[in-house]
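Worksheet: one structure, shown below.
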Number of protein chains: 2
Amino acid sequence: MKIGTLAARSGVSVDTLRYYEKIGLLPKVDRDAGGRRAYGETDLSWIEFVLKLKATGMPMRDRIDYARLRAEGPHTAAARREILERHRESLLARRADLDACIDLMDRKITMYEALESENVELACM
Amino acid sequence: MKIGTLAARSGVSVDTLRYYEKIGLLPKVDRDAGGRRAYGETDLSWIEFVLKLKATGMPMRDRIDYARLRAEGPHTAAARREILERHRESLLARRADLDACIDLMDRKITMYEALESENVELACM
DNA sequence: GTAACGGCTGGAGCGCGCTCCAGGTCAAGC
DNA sequence: GCTTGACCTGGAGCGCGCTCCAGCCGTTAC
């Protein structure tokens with residue numbers, strides 16, 4: 001699969017794919033006879049996984065570290081697992097924050113409802 | 001309270017506080033005799049609230065919209081409530097994404113554990 | 001009185017994560 | 001064979017959200 005196809009299938013632009021390769025987020029990929037990047041299905045799954053890590057807020061440097069370890073081979077498995085475990089912890093913390101903020105939204109919304117129905121004045125909304 | 005005190009108490013830098021005022025995230029504040037910004041406790045609570053909105057991913061433009069409505073007065077309460085309700089919905093969606101990603105981390109971590117203990121080879125980690 | 005500090009303004013600079021461009025090569029369709 | 005278009009590289013540019021700076025003024029401590 002050529003870079004345009006991968007871009008279409010992954011939703012990542014061609015320029016961004018080349019940029020990701022440059023910074024080490026994607027492995028150096030094989031080239032065809034004409035020097036063009038030739039991707040496989042594995043590359044697509046990898047990008048999709050990396051996008052998930054990104055979407056859940058894993059910092060760029062951790063994603064790059066993880067990618068580098070993956071490129072180095074199977075003997076880095078333990079280090080990769082550690083990165084994922086740290087990320088898992090941060091996700092749990094973020095979920096707790098999110099829950100607290102959802103509660104806050106609920107309380108604020110309730111205050112606004114009270115304010116609208118009773119015509120009460122409240123400071124600092 | 002002067003801007004340096006507010007910066008220390010809110011954890012937001014002096015420069016950033018002035019920047020926030022410039023873009024409308026903080027209301028135009030009263031000045032003392034010497035032309036310096038004089039903040040009250042209400043300003044601090046407002047900043048803390050805005051930081052929470054930021055921390056949970058409310059886009060800058062929504063925060064600014066909300067701040068503008070707040071500055072306009074109590075008759076904008078309904079519009080402000082709507083912004084909070086939209087944000088609440090997005091937080092619920094984000095929590096669902098987060099849960100899915102935590103599951104994914106758990107599965108990947110389990111795969112790594114299997115890989116380490118059984119010395120099995122797995123593609124695309 | 002004076003030095004030092006904190007605040008003021010307007011505007012430039014910066015780091016991140018792309019995004020775009022010039023100028024070229026290569027290959028597939030007609 | 002020629003056109004068209006996708007791909008190549010290296011490097012410049014950009015928008016966001018600050019962050020820093022010059023040059024100035026007022027207040028506070030000694």
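Letters A, B, ... mirror the listed sequences (proteins, then strands); counts begin at 1.
- Residues H87(B) and D62(B) have side chains not in contact (no heavy-atom distance under 4.5 Å, counting atoms from C-beta outward).
- Ring-plane geometry between Y66(B) and W46(B) is classed as parallel, the angle between the planes falling under 30 degrees on a 0 to 90 degree scale with a further cut at 60.
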### Message
Walk along nucleotides 3-18 of chain D from 5' to 3' and tag each nucleotide B, S or - by protein heavy-atom contact under 4.0 Å, base first, then sugar-phosphate.
### Response
---BSBB-------BB
### Task
Decide salt bridge (charged side-chain N to carboxylate O under 4.0 Å, His left out) for E82(B) and R86(B); before the verdict, give the C-alpha distance in whole Å, the side-chain angles of both, and the deciding distance to 0.1 Å.
CA-CA 6 Å; E82(B) 253 176 54; R86(B) 264 194 291 121; 5.7 Å; no
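- Using a 4.5 Å heavy-atom threshold, the side chains of V14(A) and R18(A) count as touching.
- Evaluation of the side chain to side chain contact (heavy atoms under 4.5 Å, CB included) rule for R36(A) yields K2(A), D32(A) as partners, not counting sequence neighbours.
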